[in-house]
Asker: 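Following this message is one structure expressed as structure tokens.
Because only heavy atoms are used, hydrogens play no part in the values below, and waters and symmetry mates are left out as well, while side chains stay in.
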Amino acid sequence: RTIPLQEVKFLGLLRDQIPPIDTPIFATPQQADGWLEADEPVLALEINGDARAYPLRILIFHEVVNDEVGGEPVAVTY
């Protein structure tokens with residue numbers, strides 16, 4: 001599909017203007033029940049029996065989460 005150039009708009013965000021999450025805080029499933037819908041999409045990751053779920057609604061605004069899962073450093077990107 002071709003988009004006319006006049007319809008493309010610069011949003012004003014330059015490199016490094018979207019901050020990553022460097023020290024993520026996680027909720028238990030019971031805590032998340034109050035704000036996360038059961039069918040809401042998440043990126044799921046499990047390493048060495050350690051599991052995480054990163055809600056897409058948060059990743060849309062931050063795009064990168066630097067974390068440690070199962071003793072391994074990871075960068076979760078969206």
Asker: Between R52 and E68, is there a donor-acceptor pair closer than 3.5 Å when you use the side chain of the first and the backbone of the second?
Answerer: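 Yes, the answer is positive, given that a donor and an acceptor are paired below the 3.5 Å cut-off.
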Asker: Checking Q31 side chain against T28 main chain: does a donor-acceptor pair fall under 3.5 Å?
Answerer: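 Yes: the side chain of Q31 pairs with the backbone of T28.
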Asker: Can you list the residues that meet the ring-ring contact (aromatic ring centres under 6.0 Å, His included) rule with F61, with sequence neighbours excluded?
Answerer: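 Listed in chain order: nothing, the list is empty.
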Asker: Considering only heavy atoms from C-beta outward, does the side chain of E63 approach that of P20 to under 4.5 Å?
Answerer: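 A side-chain contact is absent here, since even the closest heavy-atom pair is not under 4.5 Å.
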Asker: Please report the shortest heavy-atom distance between D50 and G70, naming the atom on each side.
Answerer: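 Closest approach of D50 to G70: OD2-N, 2.9 Å.
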Asker: Starting from I21, can I reach I18 by hopping between I/L/V/M/F/W/Y residues whose side chains sit under 4.5 Å apart?
Answerer: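 No: no chain of side-chain contacts under 4.5 Å links I18 to I21.
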Asker: Take W35 and R57 through the test side chain to side chain contact (heavy atoms under 4.5 Å, CB included) and record every step on the way to the result.
Answerer: CA-CA 11 Å; W35 60 272; R57 75 157 82 170; 4.0 Å; yes
Asker: Which atom names give the shortest non-hydrogen contact between A32 and A27, and what distance separates them?
Answerer: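 The answer is N-CB, 4.1 Å.
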Asker: Given side chain to side chain contact (heavy atoms under 4.5 Å, CB included), test L43 with L45 step by step and report yes or no.
Answerer: CA-CA 7 Å; L43 290 181; L45 175 63; over 6 Å; no
Asker: Can you get from L36 to L59 by hopping between Ile, Leu, Val, Met, Phe, Trp and Tyr side chains that sit under 4.5 Å apart?
Answerer: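 In one cluster: yes.
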Asker: What residues form a salt bridge (Lys or Arg N to Asp or Glu O under 4.0 Å) with D33, not counting sequence neighbours?
Answerer: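 Salt bridge (Lys or Arg N to Asp or Glu O under 4.0 Å) list for D33, sorted by chain: empty.
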Asker: Same cluster or not: are V64 and I58 linked, directly or through other Ile, Leu, Val, Met, Phe, Trp or Tyr residues, by side-chain heavy atoms under 4.5 angstrom apart?
Answerer: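 V64 does not cluster with I58.
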Asker: Would you say the side-chain atoms of N66 pair up with the backbone N or O of D22, donor to acceptor, closer than 3.5 Å?
Answerer: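 Absent.
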